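To start, the structure itself, in C-alpha cells.
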Amino acid sequence: MSENEYRPQEFEPRWARRWAEQWPFAALPAGRAKYYVLEMLPYPSGTLHMGHVRNYAIGDALARFMWMRGYDVLHPMGWDSFGLPAENAAIKNNTHPRTWTLANIAHMKQQDLRFGFAYDWRREVTTCLPEFYRWNQWFFLRFLERDLAYRKKGWVNWCPKCATVLANEQVAGGVCWRHEDTPVERRELEQWYLRITAYADQLLRDLDRLPEWPERVRTMQRNWIGRSEGAEVDFAVLDAAGRPGGEALRVFTTRIDTIFGASALLLAPEHPWLAAHLAPEQQAAARALAADRNGGFDSAAEPEKHGFFTGHWARNPFSGEKLPIWIANFVLMGYGTGAVMAVPGHDERDFEFCRKYGLPIRQVVVPEQGAAPAAALDAAFTGDGWLIDSGEFSGLPNRDAIVRMTAEAERRGFGQAKVSYRLQDWGISRQRYWGTPIPVVYCERCGIVPVPDAQLPVLLPDDVRITGTGQSPLAEATSFLRAACPRCGGPARRETDTMDTFVDSSWYFFRYTSPREESAPFDRAAVARWLPVDQYIGGIEHAILHLIYMRFFTKVMRDMGMVAFDEPVTRLFTQGMITRSGAKMSKSKGNVVDPAEMIERYGADATRMYVLFAAPPEKDFDWNDQGVEGLHRFLSRVFRFATRHAERLRGRLAAPERPRPRTAAETALLRATHQLLARVTRDFEERWHFNTSIAGAMDLVNRWYLLDGAIASGEVGAAVLGEVAGIFLRLLAPFAPFLAQELWSELGGAGEIALERWPEFDPELAREEEIEIPVQLNGKLRARLVVPPALDSGELRRRALEDPKIAAALNGRTPRQVIVVAGKLVNVVV
RNA sequence: GCCCGGGUGGCGAAAUUGGCAGACGCACGGGACUUAAAAUCCCGAGGCCCGCGAGGGCCGUGCGGGUUCGAUUCCCGCCCCGGGCACCA
C-alpha cells in the first residue's frame, strides 16, 4: 500500500456492512464485570439529527472504551415509536401510522449503522409493536390493582394542535412542549391518572442518593415536586342567619401564624363548592375568571388579579371573626385545597388583591420583638418576627407560633399539619390513535372492568380513520369498540383513549435485558445482572419528564418485588445542545445540519469526532462546517502517515515483546505516546473531556510528521514506530472506529481492533528526563531552569538564585523569602 | 422575581490539586512545491510599547475589592449572557 488519499466513503461502508452482519461483540466470555451504557431512545421522526449524533458519539466512545477495558458492556438502542407525528404524517400522506413509523425506523437504523455506533441490535426494542406495548398494558393493570391507576374527572391541559390532553409536565409556561406557539386550553375531562404523588416523598428524598446526577437536574426535580410543609384549616361557612352551618371550607397555608390577619377566604374559580352556592350569573363570572388566567402567557408579567365577593361569609376559627368569601383568579384549584386565606399584611399576592378591592390590611407579625405595627403597610411583610394582635399567641416568635397554632387547630378539631406537593398525579389518557390502548372495558352492568392478563395485548385495530379532530379515533372503530365484559360476559365498550408515550419510556431500558421474554415485561435474572443503568446519556430537556417517570416506575416495580433496587440510573450525563448561527436547529429556521450530508462530505469518523472535539460534551456549541473539515484533515494526516510507512509498520502494531527505545528520538516518541495514553485514559475515567483527548492525539500526529528525517535515518526504528502506531490506533478506536479498524487491518493487526485490550500504560516510558521550572521574581516570570524532575528544593533554590537573570535582578540584595515548590516553580521575593 | 449554568485571543477552546495563561483546532499571514491554483508540507501569531536586530518592557482571563510569595482557579460585592421555574398560598 503506497501513500494515498484518505477516502472514508470507500472503506467506512465496507466495515459498517460487516458489523451489521456479524456483530463483533457477540462472542465475549461471560463472567466479566457488567457495564450498562444507555442513550435515550429516539423518536423515529425520519432522519437522524445532530443532537442524536452527539448523544450517540458520546455513548459509543464510552461503550467502546469499556469494552476495551474488559467490561461486559450492554449498549442497546430502540425506538420510541408511538406518538402524534405518525398520525399527522398518516393524514398528510394518506398512509398508515405504522407504515410511516416502520419506514422511518428502517432508515434511521441504516444511518446508525453507517455511523458505526456499536449497538447490540439483537436487543432492539420498538415500542409500537404489540410485543412491547402489551407490557405497558400489563403494567397498567398492576398499577390498577395497587390503586396507583385511577379514573377521575378533572380540569386538564388541552393542546389544540395536538388535539389531545397533555400531562402537567408537558406544559411549559402555558404552552405545549411540542408546539411552543400554542397556548394550552383548560378542559374538564374524564382521564386516567397514575398516582405518582404517592411516591412524591420518596422521589424527593432519594434525589440525595443520586450524587452522580447533575445538580441541575436534581434541583429541577426538587422544584418540580415542590414539597411544602404547612397546615390545613377549616373555616366554617355561615348560614343566612350568620351562624356556622354544617359546612366548612378547607384552606392550605404555610403561614398559620398569620391567621389573625386574614381578611377574606379566596376560592379558585373552579372550586367545587361554588357549583351549589353561586347564582347562575356568578357561575358565568367564575368561568370568565378561570379563562382569564390562561391569557397573558406571552408577556413576562403576571396577569392582573381579579375576583369578586360571593355574598357568603365564613368564620375565622382562631379569632371568630367574620370573613367574606371571594373568588380569585390567582388561586389555583390544582394546588393545596383550591382555597386560601387572604392575609394581605404578610403575603404579597394577597396584599395586591386586598388593596385593589379595599379589603382590610392588618399587621400581625412585627420584625422586632415588642415593636408597634406600621401605621400603614405599603407592602406585605413576609419575613420572620413576633406575633401581635393574635390573641393568646401574641408575643410568640412566628416560627414557634406555627407549631403551637397547628397543634391548637388539631386539638380543637378544625385543622392539622399537612404537607403539600406541587407535583400532581400523572394524567396518561390521550385522545389519539397511535398509542397503547388502555386495557379496560366499560360494562353496562359491572362498570369499569380491567382486561384480564390472558387477553393481552389489546391490539390496536388497523381499520381506523384518523382525522385529527380531537375525538379519540378508536371511538369510531366499531370492531374495536365492542367487547364482551370479562366479568359478566355482557356487552361492554372498550376504553378508546391511548396511553401517553412517556409510559413506554418509563421502563423500556428494562426490556433491553431480555427483549424476547414472552411471559413478563422482562426476565428478572437478566435485569438483576444488568440494572441499574451505569451511565445514562441524553438531553437536558427530559430533566423532569422522562427522568422522573422512570424513577417512579422503578419504585413501583420495587414495591411489587420485581426488582431489588429503587433507583434505575446510577450516573446521568446531560449533553449540551448543538446550535447553528447561535440558534437551536429547526426546519422552520432552515439552519439544520444534516448528518447524512456530513457523512457524504467528510465521513462518519470525522463527523463523530468533530462533535466530540468542538467542546466538552456537557456544553452547548455552535456548529462550524470548517471544524469538521479540520477533523477530516486530521484523520487524513493519520491515514497518509500510516500508508506512507505501511511497509515498516506492517505486522508490528502489537508485538508480544514491548520494544525498548534505543535512541533519544525513540525515547521521546515513546514518552509522548505514553503520556497521551495516560491523558486519554484519564479523560475517559474522570472528566469525559474528549476535546482534550483528541487535541492530545493531534499533538502526537504533529510530532510524527516532524520525524520523517529520523525515520529515514533509522533514528526511529520500525519496532518503536509500530509500537507507537499500535497504541495510537487503539486510542483512536473509540472515536474513529472506521479508520482505526481500516488501518489496523491494513497494517496486519488481527481481527477487530474494538476487541483489543486498551494499551497498558508504562509510567517508566512516560517519565520526563528534564523539566522546565519557571523562576519568578515577586510573582513575575523572569527565568527558566531545565532540571531533572526529582531535583530537591534546596538544589532548586540554589540554582534559581545562581541564574544570571535572577542574580542580575537581585543585584547583591538578599531575598526576603524564596518559595520553592519542587517540580513546579521557584518564586524569589524581595 | 427565584434557582441553576456561563463570561479567557478574530472564533471553538486548554490550563487536571492556588504555581509558566492561551495547548489543540478553525480562520488568518508568510514560505516550500506548482506555469498557476487547489491540495499538501513547514513556519508565525494575545494586545500595546521600545529596539535595525538578537531581544526586552508593560498590560491582559466580564468589572471592583480582598486573601496569598503567587489567583482564570478561593472569598465578598456588582455587571452581562444562556437555561429552567414562575401567582404553588
Side-chain angles (χ1 to χ4, degrees), chain A residues 5 172-174 214-220 222-224 226-228 230 251-255 258 266 293 300-305 328-332 334-343 346-350 352-353 420-424 540-541 543-544 576-577 579 582 610 613-616 618-631 633-634 636-637 640 679 682-683 686-687 689 691-702 705-706 708 772-784 815-821 823-830:
Chain A
E5 286 275 310
E215 185 54 48
R216 182 156 67 126
V217 172
R218 291 190 290 161
T219 303
M220 283 167 80
R222 232 172 251 129
N223 294 342
W224 185 260
R227 184 180 199 272
S228 76
V251 305
F252 174 74
T253 178
T254 55
R255 293 296 305 274
T258 63
L266 307 180
R293 181 162 42 212
E302 282 160 11
E304 162 114 21
K305 291 177 177 45
N329 64 338
F330 67 95
V331 179
L332 306 172
Y335 182 76
T337 61
V340 301
M341 59 182 194
V343 184
H346 303 285
D347 181 284
E348 284 162 18
R349 296 151 301 175
D350 297 345
E352 193 187 326
F353 187 80
S420 271
Y421 297 93
R422 212 189 83 109
L423 180 74
Q424 292 178 44
I540 186 74
E541 66 273 18
I544 47 177
M577 221 175 37
T579 57
Y610 166 63
F613 178 71
E618 71 278 6
K619 275 191 72 170
D620 293 350
F621 79 88
D622 204 61
W623 184 269
N624 176 3
D625 274 354
Q626 280 162 335
V628 205
E629 246 169 88
L631 267 295
R633 199 170 301 148
F634 164 67
S636 303
R637 279 164 69 81
R640 272 197 308 271
R679 179 176 187 171
R682 196 184 42 220
D683 278 342
E686 291 170 18
R687 302 194 313 163
H689 280 201
N691 53 331
T692 61
S693 297
I694 295 168
M698 290 171 167
D699 227 357
L700 185 65
V701 172
N702 289 346
Y705 271 76
L706 301 178
D708 268 349
E772 247 188 22
I773 298 285
V775 183
Q776 299 179 334
L777 189 71
N778 289 335
K780 289 192 179 182
L781 182 70
R782 283 295 177 271
R784 290 192 171 91
R816 206 144 44 89
Q817 197 184 354
V818 182
I819 312 278
V820 183
V821 184
K824 286 278 187 192
L825 112 170
V826 179
N827 188 10
V828 181
V829 185
V830 291

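Given the structure is predicted, the values throughout are model-derived calculations rather than measurements. Quick note on labels: first sequence line is chain A, next is B, and so on, each numbered from 1.
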Q.
Is it the case that over 12 heavy atoms from other parts of the model lie below 6.0 angstrom from the CD atom of A:Glu541?
A. yes

Q. Do you see a donor-acceptor pair shorter than 3.5 Å between the side chains of A:Arg422 and A:Asn223?
A. no

Q) So, does the side chain of A:Lys305 form a donor-acceptor pair with the base of B:C87 at under 3.5 Å? A)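 Such a pair exists between side chain and base.
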
(Q) I'd like to know if A:Arg816 reaches the base of B:C69 with its side chain such that a donor and an acceptor end up less than 3.5 angstrom apart. (A) no

Q: Please work out if A:Val829 contacts a base, only the sugar-phosphate, or nothing of the nucleic acid, heavy-atom cut-off 4.0 Å.
A: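 Sugar-phosphate, backbone atoms only, no base.
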
Minimum-distance nucleotide to [X] side chain [options: [options]]:
| X | options | result |
| --- | --- | --- |
| A:Asp347 | B:A89, B:A23, B:C42 | B:A89 |
| A:Asn827 | B:C85, B:A15, B:C69 | B:C69 |
| A:Arg782 | B:A13, B:C58, B:C87 | B:C58 |
| A:Gln626 | B:A89, B:C42, B:C26 | B:C26 |

Rounded to whole angstrom units, what separation is found between the [atom1] atom of [X] and the [atom2] atom of [N]?
| X | N | atom1 | atom2 | result |
| --- | --- | --- | --- | --- |
| A:Phe330 | B:A86 | CZ | P | 18 Å |
| A:Tyr610 | B:C11 | OH | C1' | 11 Å |
| A:Trp623 | B:G25 | CH2 | P | 19 Å |
| A:His689 | B:C24 | NE2 | C1' | 15 Å |
| A:Lys780 | B:C20 | NZ | C1' | 15 Å |
| A:Leu781 | B:C58 | CG | C1' | 14 Å |
| A:Asn691 | B:G22 | CG | P | 18 Å |

Compare side-chain N and O positions of [X] against OP1 and OP2 of [N] and report whether any pair is under 4.0 Å apart.
| X | N | value |
| --- | --- | --- |
| A:Arg218 | B:C4 | no |
| A:Asn702 | B:G25 | yes |
| A:Tyr335 | B:A89 | yes |
| A:Arg633 | B:C26 | yes |
| A:Arg216 | B:G6 | no |
| A:Ser228 | B:A89 | yes |
| A:Arg640 | B:C41 | yes |

Q) How does RNA chain B read in dot-bracket, base by base from 5' to 3', with Watson-Crick or G-U pairs under 3.5 Å and | used when the partner is on another strand? A) (((((((..(((......[....))).(((((.......))))).(((((....)))))..(((((..]....))))))))))))....

[X] versus [Y], closest heavy-atom pair with distance:
| X | Y | result |
| --- | --- | --- |
| A:Asp350 | A:Met341 | OD2-O, 3.5 Å |
| A:Leu825 | A:Ile773 | CA-CG2, 3.7 Å |
| A:Tyr335 | A:Ser228 | OH-OG, 2.9 Å |

Q: Indicate, with yes or no, if the rings of A:Trp623 and A:Tyr610 have centres closer together than 6.0 Å.
A: yes

Q: Please examine the side chains of A:Val775 and A:Arg782, heavy atoms only from C-beta on, and report whether any two atoms are closer than 4.5 Å.
A: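 The answer is no, as the side chains (C-beta and beyond) never meet within the 4.5 Å cut-off.
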
(Q) A:Arg687: which residues meet the salt bridge (Lys or Arg N to Asp or Glu O under 4.0 Å) condition with it, sequence neighbours left out? (A)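 Listed in chain order: A:Asp683.
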
Q.
For B:G9, does the O4'-C1'-N9-C4 or O4'-C1'-N1-C2 angle fall within 90° of 0, making it syn, or is it anti?
A.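 Judged by the O4'-C1' to base torsion, B:G9 sits in syn, the angle falling within 90° of 0.
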
